S.K.: 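Quick one: this structure, given as structure tokens, is what I'll be asking you about.
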Amino acid sequence: MRAYDPKEIEPKWQKRWIDDKVFAAHDDSKKEKRYQLETFPYPSAAGLHMGHPKGYAAEDIQARFARMGGGARNGEAAANRKEVLYTMGWDAFGLPTENFAIKVGRNPQDVTNENTENFRRQVRMFGFSYDWDREVNTSKPDYYKWTQWLFLQLFKKGLAYQAAGKVNWCPKDQTVLANEQVVDGHCERCGSVIEERDMTQWFLRITAYADRLLDDLKKLDWPAATLKRQEDWIGRSEGALISFATQGNGGAAKGPIEVFTTRPETIFGATYMVLAPEHPFVASCLADGSLTNAADVAAYVAAAAHKTELMRKEDEKEKTGVELKGVSAVNPATNQPIPVWIADYVLGSYGTGAIMAVPAHDGRDAAFAAKFRLPVVEVIEPETGQAMPNEERRSSIVAIVEDREAGRFLTLDWGPKLGGTLFIGGGRKDGEDEIATALREIKEETGYGQLEFVGRTGRMHHHYFAFSKNVARNIDVVGLHFVLKGREQEGRSLEADEQGRFSIEWLTKEDVLRKMEDENHLLCFRRLVLGEIYAGRGILAGSAAFTGRDSEAAKWDIVQAVRGTRKTQYRIRDWSVSRQRYWGVPIPIIHCERDGAVPVPESDLPVVLPPIDDYRPKGMPPLASSPAFINVKCPVCGGDAKRDAETLDTFVDSSWYFLRYADPRNERRIFDPDKAAHWLPVDLYVIGAEHTVLHLLYSRFVTKFLHDEGLVPFDEPFSVLRHQGLILAADGRKMSKSLGNVVNPDEIVGEFGADTTRLYLMFMGPFEDSTPWDPKGILGVERFLKRFWNYVVTMIGLLSHEPHDQAATEGPKRPVIHKTIKKVGEDIVSFKFNTAISALMIMLNELTEMVTTDDGEDDRIAMTDRKDLEAIVKLVHPFAPHMGQELWSMLGHADGSYLDFEPWPAYDEALVVDRTVKLVLQVNGKVRDTVEADASVTEEQAKDLALRNPNVARAMAGAAPKRVIYVDKKIVNIVI
RNA sequence: GCCCGGGUGGCGGAACGGUUUACGCAGAGGACUUAAAAUCCUUGACCCGCAAGGGUUUGUGGGUUCGAAUCCCACCCCGGGCACCA
């Protein structure tokens, strides 16, 4: 028998697939289209990582399955066969290659060409079913011409603009770095501490699309976590802009300061305001001499300007700031003057760069106020519980007694019916002050009397039902905090209805948080002991006409009262795309003294990236030192002008590549809109979980822009997205060169072949989970493939000896094959490749099981015919396509018959269900026995079987069944 | 600190209201072989028991249910992301 030899069959089919253009996607096909986008790799010098083929194998399974019409209703595969656009390309521009080239003293172009060749070879050895005629490469002029064109369209619409902005500057490499290249404030490459520099940069106005980028997330079939991260990244918040008048020394009016707030309802508690150090008001105060502490302020501003991101992190969020002495602002709600501070916890780049500080209801303001002893005014009284009709009103206290030596808190356990664990509470008597009430209650209920009062909350509101008194209550509560000074207990005097109803417990902080359920008592604890501030809703207090109203309900009325305006604010910033490096797309702009930034005429595109002598960054873009490139005539006035010497962020290159695949060789347009409309949006995009924001957000932005330009009818590029988990090293850590634990795809494929490698990648665990590479684990799937091969080849040999009456057989006969067809099809659809493969293994195990034949011989060649074999070969094909195709040929299919275009097998429902069922017999939910029963078993029969079972009888020990639960054909549970 | 994931045999994992540990790896025993590799068969959570059988077990503690790995609450641990966004 012919042995399984992947080294022979894999290169053979790979060559045929490419030479015969088997997987070419036809624009004019009558079949329904399916577009599967593969994350195009960055061709690094390190070569392919095992993570690449993991994602690719999953897509290849889906692509081949779709071509076979899989996923349709059973039996309708033939009509469901898809025309699949499935492609590969190279994200070939970028900094790592440039750095590598500089290090080894070579040209980035040559290095990229070599890396790309190597990647192409590696990808091809896996046998993925790509249409290789659609390959794209972002570093080729025929591609980046259109990247430049895209930039110019954005420029024309005002969506690409130049502005001064902060950049990450590496002092050693003399260059700007992308945020991704800054790791913990250090240069990813040389480890230098990154400086912040202000430079004029190109930006793309992605913020103009913030609302649509957020709102359209709901159209997408993407992992929930990724949608959430996009939402957080965009960071929309609804609030108000409110103007605060200011005045200088002697009451001279100065310009107003506008703040952005999401909590305008707290404005009566705004006791000071804070500006970012770079706020223009600060500079104007310094300039007009209105400050009495100008030197301190100037020093703080200067220090803040030099603070890097790293330094701010090291500050551990310790608040710093300086008051602008000599000026003040006026709270428009209270008309009271309030001090103005500057502090770097307020960001110049968000909102208006100025805030109103409400230390009573904001944690950051609270920390700042505590440090600089600024006044705190509570204006929201927390409200807990649910309001009920006919509430009795009362004034109460909650007393927290702390034993500081023991680190415990005094609680009363009232049992589950009366509220569980509570602090000491009680109602106030007429004329009694709150502290007196608390001391009295503590003494009455616990006998403790030596107490020191250390703090209190403001008033709170709580709705509850007092079961002991059978009455609904709406109470005013004040939380009071005492420290125990002596442990003697004397003079307890319980009311009659309290006698024996509770027990005293001293709990640790953790136990209080664990056991206490009462919202109001817990809130007292959080505020008094944990020092938390209250940032929720409640009843307004100290808020003039608004006092007593619900804080949320009054929010916009207050905005109106202080003449503020509603405002939506976003966290997302415009996309910085300038890179002062060489290996990227030249920005197609010409700078002219007279005409400013002038776009390169479209007829002059592409602006070709020229080879230069020295690629090393020297504080200015390498292209700037190439006079032949830089010096041009202005397209408008014809005078001397200079080209922009910067290159585009490579994320721009990748923000539209999926569109180019629809029409990759078009020389006249970025793509033919009809072709894009035909193939897109993408029906499946498999991408690493690390790409949850940037690339996906940028691609969505560009798609929306092109939609607005009328080039595409859709406004979301990727309808369905799935993430792949990492392949970890055998030690469970990330694979990395420095740890020396990298698994090399060349070695693995060389040793086991592509089919085995692919199958193992899919079998390791759930697709979206990270799983360690087990060098022994791959042996399991290798054995499976060999056994599968041997089985099919043996059977083919037998078939040729004694031809069955093939015509008479409609489909496969053996039930296990029908079950597997169903299971594998469902699992592929739901990305459960590991269990699909497991089902294939189970099927093979059953097919090759020893059976005893009529003449008493042990035999593992069970009855199987050609239909069976064809079906199981089809099932394996998406996973191990070289083997699938080879066996298909050996089954006698003509040369040129590609299994990928054969219909996915159908199954017979009747054969999927078992003829016998296993009944689990339980007594009180515990398994006592299992019995086999015919699948037609009725409830009565099943119960009868259970009651007559000896194990069941023993467990029942003569007791009578109270109840018998029956789960159809599964369980009989006798409750006694 | 906040937001997502996730804790099941020696290992990767399966089951996501109904027999916990499918499938695979590793282990143990056996067959074939001069031997090894390969292949095939048997076995396979833990404790008690010769066995029949019984008990325990899905991070911990509670709850709901006839029945919980699965649903709810609290806590612990691991991984990832964000990190003063007013």
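Side-chain atoms are counted along with the backbone in the values below, which use heavy atoms only and exclude waters and symmetry mates. Computed from a predicted structure; not experimentally measured. Just so it is clear: chains get the letters A, B, ... in the order the sequence lines come, proteins before strands, and each one is counted from 1.
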S.K.: Test for a donor-acceptor pair under 3.5 Å between the base of B/rC11 and the side chain of A/K776, counting only N and O atoms.
M.R.: no

S.K.: Please measure how far the C1' atom in B/rG9 lies from the corresponding atom in B/rG27, and state the result in whole Å.
M.R.: 12 Å

S.K.: Return the nucleotide paired to B/rC2: Watson-Crick means purine N1 to pyrimidine N3 with N6-O4 or O6-N4, wobble means G-U with N1-O2 and O6-N3, both under 3.5 Å.
M.R.: B/rG81

S.K.: Quick one: is A/N834 getting a side-chain N or O under 4.0 Å of the B/rA14 phosphate, OP1 or OP2?
M.R.: yes

S.K.: Considering only heavy atoms from C-beta outward, does the side chain of A/K918 approach that of A/E932 to under 4.5 Å?
M.R.: yes

S.K.: For residues A/R571 and A/R573, report the shortest heavy-atom separation together with the two atoms involved.
M.R.: O-NE, 3.3 Å

S.K.: Does atom NZ of A/K734 have more than 12 heavy-atom neighbours from other groups under 6.0 Å away?
M.R.: no

S.K.: With rounding to the nearest 0.5 Å, note down the distance linking CD in A/Q724 to CD in A/E768.
M.R.: 11.0 Å

S.K.: Does A/R263 reach the side chain of A/I380, with side-chain heavy atoms less than 4.5 Å apart?
M.R.: yes

S.K.: A/L921 has an atom CG; how far is it from atom P of B/rG67, in whole Å?
M.R.: 18 Å

S.K.: For B/rG24, take OP1 and OP2 only and decide whether either is under 4.0 Å from a side-chain N or O of A/N845.
M.R.: yes

S.K.: If I take atom CG in residue A/L847 and atom P in nucleotide B/rC40, what distance separates them, rounded to the nearest angstrom?
M.R.: 15 Å

S.K.: Hey, does A/D769 reach any base, or is it just sugar-phosphate, or nothing, if we go heavy atoms under 4.0 Å?
M.R.: nothing

S.K.: Distance check: side-chain N/O of A/R229 vs OP1/OP2 of B/rG81, anything under 4.0 Å?
M.R.: no

S.K.: Any base atoms under 4.0 Å from A/Y570, or only sugar-phosphate, or nothing? Heavy atoms, all strands.
M.R.: nothing

S.K.: Please list each protein N or O that sits under 3.5 Å from an N or O in nucleotides 16-20 of chain B, with the distance.
M.R.:
from, atom 1, to, atom 2, distance (Å)
B/rG18, N2, A/Q922, OE1, 3.3

S.K.: Side-chain N or O of A/S237 versus OP1/OP2 of B/rA86: is the shortest distance under 4.0 Å?
M.R.: yes

S.K.: With a 4.0 Å cut-off on heavy atoms, is A/V358 in touch with a base, just the backbone sugar-phosphate, or nothing at all?
M.R.: nothing

S.K.: Taking OP1 and OP2 of B/rA86, is either one under 4.0 Å from a side-chain nitrogen or oxygen of A/Y345?
M.R.: no

S.K.: Looking only at side-chain N and O atoms, does A/R787 come under 4.0 Å of OP1 or OP2 in B/rC40?
M.R.: yes

S.K.: Categorize A/I842 for me: base, sugar-phosphate, or nothing, with a 4.0 angstrom heavy-atom threshold over every strand shown.
M.R.: sugar-phosphate

S.K.: Can you see if the side chain of A/R928 gets near the phosphate of B/rA52 - specifically, an N or O under 4.0 Å from OP1 or OP2?
M.R.: no

S.K.: What is the distance from CE of A/M956 to C1' of B/rC66, rounded to the nearest Å?
M.R.: 13 Å

S.K.: What is the distance, to the nearest angstrom, from the NZ atom on A/K786 to the C1' atom on B/rG24?
M.R.: 16 Å

S.K.: Write down the partner of B/rA28 under the Watson-Crick or G-U wobble criteria, each distance required to be under 3.5 Å.
M.R.: B/rU42

S.K.: Between A/F788 and A/I872, is any pair of side-chain heavy atoms under 4.5 Å apart?
M.R.: yes

S.K.: I'd like the P distance from B/rU65 over to B/rU70, given in whole Å.
M.R.: 16 Å

S.K.: Find out whether A/F784 and A/F763 are in side-chain contact, i.e. whether some heavy atom of one side chain is under 4.5 Å from a heavy atom of the other.
M.R.: no

S.K.: Please determine, by modelled atom types, if A/E258 and A/S243 share a side-chain donor-acceptor pair under 3.5 angstrom.
M.R.: no

